[in-house]
Amino acid sequence: METYKIGLSGVLGKLTLDDTYLEFRSFLGAVLFRVPRSEVKTVSVVKSTFTKSFIKVMGAGAELGSAELPTAYAYKVQDWITSSIKNL
């Protein structure tokens with residue numbers, strides 16, 4: 001199981017990737033999305049405002065999960081998810 005804390009000490013949330021699921025939790029512990037790891041095909045970043053972007057986890061033609069993050073962190077999350085999925 002791999003964990004990635006977003007922001008300083010995970011203040012923006014935490015991603016967890018295990019053999020079965022990719023899960024994104026907020027700082028307070030609420031699950032923003034939980035998707036089967038085998039269904040994840042691509043991860044994209046879509047700008048929503050000047051400083052914010054949506055990270056979107058895509059499956060076979062469908063959006064499996066999304067969350068709004070600061071743009072700099074969205075690109076870091078995208079890199080982490082794509083590299084971690086390739087390693088498992």
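Both backbone and side-chain heavy atoms feed into the values below; hydrogens, waters and symmetry mates do not.
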Does any non-hydrogen side-chain atom of [Y] lie less than 4.5 Å from one of [X]?
X: T3; Y: K14; value: yes
X: V45; Y: F54; value: no
X: F24; Y: I6; value: yes
X: V57; Y: F33; value: yes
X: R34; Y: L22; value: no

Open item on the list: Determine whether a donor-acceptor pair (N or O, by modelled atom type, separation under 3.5 Å) exists between the side chain of S84 and the backbone of I81.
Closed with: no
TODO: Report the C-alpha distance between L12 and F27 in whole Å, list the side-chain angles of each, state the deciding distance to 0.1 Å, and finish with yes or no for side-chain contact (heavy atoms from CB on, under 4.5 Å).
DONE: CA-CA 6 Å; L12 295 174; F27 179 70; over 6 Å; no
Task: Contact list for residues 38-49, test side chain to side chain donor-acceptor pair (under 3.5 Å), sequence neighbours left out - done: S48-E68
TODO: Starting at NZ of K76, measure out to CG of L69 and round the result to the nearest 0.5 Å.
DONE: 11.5 Å
I need the minimum non-hydrogen distance between [X] and [Y], along with the two atoms involved.
X: L8; Y: Y73; result: N-OH, 4.5 Å
X: D18; Y: T20; result: OD1-N, 2.9 Å
X: V77; Y: Y4; result: CG2-CE2, 4.0 Å
X: I55; Y: A74; result: CD1-O, 3.5 Å

- [ ] Please check if V46 and V35 belong to a single hydrophobic cluster, counting links between Ile, Leu, Val, Met, Phe, Trp and Tyr side chain heavy atoms closer than 4.5 Å.
- [x] no
Could you list the donor-acceptor pairs under 3.5 angstrom formed by side chains in residues 58-67, with sequence neighbours left out?
unit_1 : atom_1 : unit_2 : atom_2 : d
E63    : OE2    : S66    : OG     : 3.1

Open item on the list: With side-chain contact (heavy atoms from CB on, under 4.5 Å) as the criterion, how do R37 and I85 come out once you've worked through the C-alpha distance, each side chain's angles and the decisive distance to 0.1 Å?
Closed with: CA-CA 8 Å; R37 187 192 69 81; I85 287 180; 4.2 Å; yes
Open item on the list: Walk me through whether E2 and T16 qualify under side-chain contact (heavy atoms from CB on, under 4.5 Å).
Closed with: CA-CA 6 Å; E2 296 183 50; T16 306; over 6 Å; no
